[in-house]
Amino acid sequence: MSSKYDNIKTAAELVSEVQLHGLSLAQEDICRAQDIFGHTPIEELARLANDIGRDNEKGEPDPKGSRSSGRRATQSTFYSILTNIWHWEEVTRFWNTYTNPQTEELKRNRDAYDFVVEGNKKLKSENDELKEQVDELLERESGLVLQRDEALDRAEYAEAEVVRLKAKLYDLLVERKEVV
């Protein structure tokens, strides 16, 4: 069977044809439209999906619509074709990925979120490193405190021993005086 779209090679040509004559819903024409869209690079499909009939300063299609050009937009025709040749979930996914104006905002928000998450990971890592250093310092300090306490204990013991020996010496001296 032959399709009326057999001589059309690109999605842009198909969109132009449909703008002029409407979309044929004959099975062979729908299959040919699927084939054309299926062999079109995604960048070209995205360009057609976002063309709202305006040009940027360079005369190129501008999806943000900064200037009017009098060109006929392809967006509505593109999605009209798409809804007839793709399942609605695929059309929705394509819209959300390539056309939905909130996608850019979502991407910016996701990038900002990722930046914050990475910053938090970095801060947590630095915090963990600092905690390890503090733990090491506390461990070292507690060892020094123990050494100091042991030294104080030895000094107190030595002082007590000196006092005891002085007392014994005194006692011996007192005894000796009594004997002499």
Worksheet item: What closest approach, in Å, do L23 and V18 show between heavy atoms, and which atom pair accounts for it?
Response: N-CG1, 3.7 Å
Practice prompt. Test F78 against F37 for ring-ring contact (aromatic ring centres under 6.0 Å, His included), laying out the working first.
Written response: CA-CA 10 Å; F78 174 84; F37 271 56; 5.4 Å; yes
Worksheet item: I30 and S24: which non-hydrogen atoms are nearest, and at how many Å?
Response: CD1-O, 3.6 Å
Worksheet item: Going through the distances and angles, do T99 and Y79 end up as a side chain to side chain contact (heavy atoms under 4.5 Å, CB included)?
Response: CA-CA 10 Å; T99 306; Y79 278 106; 2.5 Å; yes
Worksheet item: Which heavy atom of S3 sits nearest a heavy atom of D29, and at what distance?
Response: OG-OD1, 2.7 Å
Discussion item. Assess the residue pair Y157 and D153 against the criterion (side chain to side chain contact (heavy atoms under 4.5 Å, CB included)); give the C-alpha distance rounded to whole Å, side-chain angles, the decisive distance to 0.1 Å, and a yes or no.
Written reply: CA-CA 6 Å; Y157 177 76; D153 288 345; over 6 Å; no
Worksheet item: Can you name the nearest heavy-atom pair linking L14 to A33, along with the distance?
Response: CD2-CB, 3.7 Å
Fill in: Gap separating the CG atom of L173 from the CG atom of L169, nearest 0.5 angstrom
4.5 Å
Item to complete: Just do the side chain to side chain contact (heavy atoms under 4.5 Å, CB included) check on L25 and N84 with the steps written out, would you?
Response: CA-CA 8 Å; L25 298 178; N84 282 288; 3.7 Å; yes
Fill in: Separation of T77 OG1 from L82 CG (nearest 0.5 Å)
12.0 Å
Worksheet entry | T40 (side chain) donor-acceptor with I36 (main chain) under 3.5 angstrom | yes
Worksheet item: Do E105 and R108 meet the salt-bridge criterion of a basic N to acidic O distance under 4.0 Å?
Response: no
Discussion item. Looking at E13 and K9, would you say the former's side chain and the latter's main chain have a donor-acceptor pair under 3.5 Å?
Written reply: yes
Discussion item. Nearest 0.5 Å, please: how far is CG in N127 from CG in N120?
Written reply: 11.0 Å
Practice prompt. Count the heavy atoms of every other residue, nucleotide or ligand shown that sit under 6.0 Å from NE2 of H39, and state whether that count exceeds 12.
Written response: no
Discussion item. Rounded to the nearest 0.5 Å, what separates atom CH2 in W95 from atom CD in Q75?
Written reply: 5.5 Å
Fill in: Approximate separation, where rounding is to 0.5 Å, of E159 CD and K166 NZ
9.0 Å
Worksheet entry | Taking every non-hydrogen atom, the tightest pair across A46 and Y98 | CB-CD2, 3.8 Å
Worksheet entry | E17/I8 under side chain to side chain contact (heavy atoms under 4.5 Å, CB included): CA gap, chis, key distance, verdict | CA-CA 9 Å; E17 173 67 22; I8 295 176; 3.7 Å; yes
Worksheet item: Which residue, E141, R140, E139, forms the side chain to side chain contact (heavy atoms under 4.5 Å, CB included) with L137?
Response: R140
Response to the item:
Value for OG1 (T74) from CG (L45), rounded to nearest 0.5 Å, stands at 10.5 Å
Item to complete: Taking all non-hydrogen atoms of both residues into account, name the closest pair between R93 and T97 and its distance.
Response: O-OG1, 2.7 Å
Worksheet item: Applying the 4.5 Å side-chain criterion to the ILVMFWY set and letting contacts propagate, would L138 and L130 be lumped into a single cluster?
Response: no
Fill in: Test item: Q147 and L144 side chains (from C-beta on) under 4.5 Å apart, heavy atoms
yes
Worksheet item: Thinking salt bridges, do D135 and K131 make one under a 4.0 Å N-O criterion?
Response: yes
Worksheet item: Is it true that a side-chain atom of R72 and a backbone atom of Q19 form a donor plus acceptor pair closer than 3.5 Å?
Response: yes
Worksheet item: Would you say the side-chain atoms of D6 and S2 include a donor-acceptor pair closer than 3.5 Å?
Response: yes
